[in-house]
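Keep in mind that the numbers below use all heavy atoms, side chains included, and drop hydrogens, waters and symmetry copies. Counting convention: from 1, in listed order, for ligands and their atoms alike.
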Amino acid sequence: MTEEAEPAAVALPDLVREVVTPAAAAEILERTRLHGCNPRKLDSSHARRLARDMCNGSWDDYNPDVLSLCSHGAAIQGQHRLEAVIISKTPRSFLVARNVPHRAATTMDCGKARSAATALSLVVVDRHRKDISSTIRLLQNYDVERDKVAWPAWRSVVYTNAEIVRFFQSKYSDLPDFLPLMTAMKSGVYSSPAASLTCAYLVHRDGGSTSHADNFFQGLISGGHLDTADPRWITRRYFHSPARPRRGNITSALHLGLLLKTWNLWVTGQTWEIANFRATQRMPDIVSADAPCPQQANQALRKPSKDGPVIPRRRAAARAAVPGQTMGMMHLPTEEGFPV
Ligand SMILES: [Zn+2]
């Protein structure tokens with residue numbers, strides 16, 4: 001090691017723990033704009049996500065990430081946190097470094113971002129963490145965003161790692177119990193891991209009857225002894241088609257919609273001619289096996305003209321018996337556009 005590279009000789013800035021009020025944060029950001037000290041564009045949706053963490057207890061005040069201010073008193077690191085302080089209207093403590101040279105920003109925030117899957121490892125999720133974190137996103141969209149955001153737009157709903165961990169701990173901590181079923185569906189049905197795990201979870205949570213759920217998944221996964229009028233048979237044919245969508249960030253929501261529609265049809269004794277779930281359709285509510293009253297069934301299968309015909313099973317059997325016909329009529333969305 002050469003003399004000038006001696007680490008002890010390099011002066012790091014002193015850190016001081018400071019409480020930053022919304023007013024102080026606004027002043028720092030104003031100086032940042034005035035002097036043009038931070039070429040990084042402020043991403044307001046990222047700031048809003050951090051503010052959400054700050055408002056709902058997901059922000060960790062032990063986080064020692066430094067707020068770096070230059071000689072102008074402008075933020076060269078930490079502008080999103082400052083914006084989040086303003087949005088959340090709550091003072092927050094940070095470790096603050098002052099008089100940091102502008103050039104130091106060259107090497108800031110170049111670290112490898114931590115994934116939600118890694119964050120889950122800290123709350124003792126020890127396997128399939130990536131699938132579980134994707135599933136938590138899908139479940140949260142299903143449970144909370146379903147009535148606000150159309151399912152093709154779920155990809156634009158972003159959660160912070162802290163939120164994923166909080167959702168897991170407060171609502172979905174029993175998700176790992178359904179991992180064996182996810183693995184079986186992945187290899188038997190070819191549905192995406194997150195759609196498989198979400199479907200397994202939701203049908204057991206909202207489907208009303210464990211024995212019905214077991215029966216449903218057994219047939220769906222194995223395909224054994226299904227007649228051609230069984231909605232599971234038709235759904236399996238969709239997933240087994242080489243043209244099925246496999247990639248893309250809305251594939252899981254699409255697969256989930258198909259799987260939930262299959263459950264609803266099966267549990268109400270109905271079927272479909274072709275497996276379809278279009279961009280204009282609503283993500284279905286799950287019909288309970290305990291009380292599939294006609295009203296609930298109708299609600300789950302509403303707008304039959306748009307959703308494709310809902311037909312009693314016997315008639316469907318006759319139609320599906322025409323070989324090749326259903327395959328050609330399948331509504332297979334492409335990556336870019338969906339059939340409407
Ligand atoms: Zn500056």
Side-chain angles (χ1 to χ4, degrees), residues 1-123 133 137 153 155-167 249:
M1 193 180 276
T2 59
E3 285 263 316
E4 55 272 323
E6 185 68 43
V10 177
L12 280 169
D14 289 326
L15 296 181
V16 181
R17 186 175 177 279
E18 289 184 25
V19 175
V20 178
T21 62
E27 201 189 319
I28 296 168
L29 287 179
E30 184 52 36
R31 280 189 204 146
T32 310
R33 277 187 287 269
L34 196 67
H35 295 279
C37 298
N38 196 332
R40 207 176 174 203
K41 194 165 175 281
L42 198 143
D43 176 349
S44 58
S45 39
H46 180 59
R48 280 198 300 275
R49 286 194 288 275
L50 295 183
R52 230 155 57 197
D53 281 353
M54 289 179 179
C55 290
N56 62 27
S58 295
W59 184 263
D60 194 333
D61 283 306
Y62 282 99
N63 184 328
D65 283 351
V66 172
L67 183 64
S68 299
L69 306 181
C70 66
S71 54
H72 302 107
I76 58 174
Q77 185 182 33
Q79 58 174 345
H80 293 107
R81 284 173 283 159
L82 290 170
E83 183 73 17
V85 166
I86 297 170
I87 297 168
S88 67
K89 300 191 176 85
T90 312
R92 210 96 229 170
S93 291
F94 296 104
L95 283 179
V96 180
R98 290 183 185 274
N99 297 314
V100 178
H102 294 105
R103 66 166 190 278
T106 315
T107 52
M108 284 174 184
D109 302 310
C110 296
K112 188 165 162 55
R114 287 166 188 261
S115 66
T118 305
L120 282 173
S121 72
L122 299 172
V123 291
S133 66
R137 283 191 185 92
R155 68 181 131 183
S156 59
V157 182
V158 180
Y159 299 111
T160 65
N161 293 354
E163 284 176 315
I164 297 294
V165 168
R166 187 164 55 86
F167 299 151
N249 43 17

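The environment of CZ in Arg33 is crowded: more than 12 heavy-atom neighbours from other residues, nucleotides or ligands sit within 6.0 Å.
The atom of His72 nearest to the Zn ion (ligand 1) is ND1, with the search restricted to N, O or S atoms.
A donor-acceptor contact under 3.5 angstrom links the side chains of Thr118 and Ser115, judged on distance only.
Not one N, O or S atom of His35 sits under 2.8 Å from the Zn ion (ligand 1).
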Side chains of residues 73-83: which donor-acceptor partners sit under 3.5 Å, not counting sequence neighbours?
from	atom 1	to	atom 2	distance (Å)
Gln77	OE1	Ser68	OG	2.9
Gln79	NE2	Arg40	O	2.7
His80	NE2	Asp43	N	2.9
Arg81	NH1	Asp65	O	2.9
Arg81	NH2	Val66	O	2.8

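Rounding to 10 degrees, one finds that the Zn ion (ligand 1) sits at the corner of an angle of 110° between His102 NE2 and Cys37 SG.
Relative orientation of the His72 and His102 rings is tilted, given thresholds of 30° and 60° on the angle between their planes.
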